[in-house]
Visitor: 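One structure, as structure tokens, below. Some questions next.
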Amino acid sequence: KSYQHTTDFRLNELLIQKSPYFTATGDMPTYQIRAPTTALPQGVVMQLAEEATRKRELRLMKTGKACRECRRKKKEYVKCLENRVAVLENQNKTLIEELKALKDLYCHKAE
DNA sequence: TGAAGTTCTCGTCATGATGT
DNA sequence: ACATCATGACGAGAACTTCA
């Protein structure tokens with residue numbers, strides 16, 4: 001199922017963004033109603049647009065929050081992997097040294 | 001020192017997965 | 001069937017680096 005079949009998409013279709021960026025004064029983006037092509041009464045169109053705007057803002061807020069959380073988890077995961085790499089590198093180093101020592105010991109015994 | 005290039009951060013969109 | 005969530009992809013702007 002594609003995004004274009006969702007309710008959100010259909011509601012968004014009612015809107016066009018006046019400015020893609022937040023206004024200099026406030027934090028809210030501004031929208032306007034797409035030129036009405038249907039025979040719907042103006043009041044209904046307004047209501048639909050308000051509903052669409054509200055839903056859109058809510059969805060964007062939720063997505064933004066989810067995204068921040070997702071990035072935080074990803075960072076944490078990467079940090080864990082990096083720690084693990086460091087631990088394994090240390091272990092590897094220790095084992096190499098141990099092997100070297102055992103080899104030396106073995107050589108001296110053989111003499 | 002400032003223009004150009006690079007990296008980082010954030011918001012948004014699109015989509016698959018999962019829940020109801 | 002539809003809603004919701006998690007996350008990859010993308011673009012824009014900020015912050016940082018490099019170099020003439």
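Quick caveat, the model's predicted, so the values are computed rather than measured. Chain letters run A, B, ... following the sequence lines, proteins first and then strands; every chain starts at 1.
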Visitor: Could you state the interatomic distance from OG1 (A/Thr63) to CZ (A/Arg56), rounded to the nearest 0.5 Å?
Guide: 10.0 Å
Visitor: A/Tyr77 has an atom OH; how far is it from atom C1' of C/dA6, in whole Å?
Guide: 15 Å
Visitor: Pair A/Arg72, A/Glu69 - check salt bridge (Lys or Arg N to Asp or Glu O under 4.0 Å), show working.
Guide: CA-CA 5 Å; A/Arg72 189 192 63 73; A/Glu69 174 64 12; 2.8 Å; yes
Visitor: With heavy-atom distances below 4.5 Å as the criterion, would you say the side chains of A/Glu89 and A/Asn92 are in contact?
Guide: no
Visitor: Give, ordered by number, those residues of residues 65-73 of chain A having at least one heavy-atom distance below 4.0 Å to an atom of DNA chain B; if nothing qualifies, reply none.
Guide: A/Cys67, A/Arg68, A/Arg71
Visitor: How long is the gap from CG on A/Leu81 to CG on A/Leu88, to the nearest 0.5 Å?
Guide: 10.5 Å
Visitor: Distance check needed: C/dA3 C1' versus A/Leu58 CG, whole Å only.
Guide: 12 Å
Visitor: For A/Arg84, enumerate each residue passing the salt bridge (Lys or Arg N to Asp or Glu O under 4.0 Å) test, keeping only those at least two apart in sequence or located in another chain.
Guide: none
Visitor: Can you tell me how far P of C/dC5 sits from CE of A/Met61, to the nearest Å?
Guide: 12 Å
Visitor: Within this structure, what is the CD-to-P distance between A/Glu76 and C/dT7, rounded to whole angstrom?
Guide: 12 Å
Visitor: Please report, rounded to the nearest Å, how far the P atom of B/dT12 is from the NZ atom of A/Lys62.
Guide: 15 Å
Visitor: At what distance, to the nearest 0.5 angstrom, does SG of A/Cys67 lie from CG of A/Leu60?
Guide: 12.0 Å
Visitor: A/Leu60 has an atom CG; how far is it from atom C1' of C/dC5, in whole Å?
Guide: 15 Å
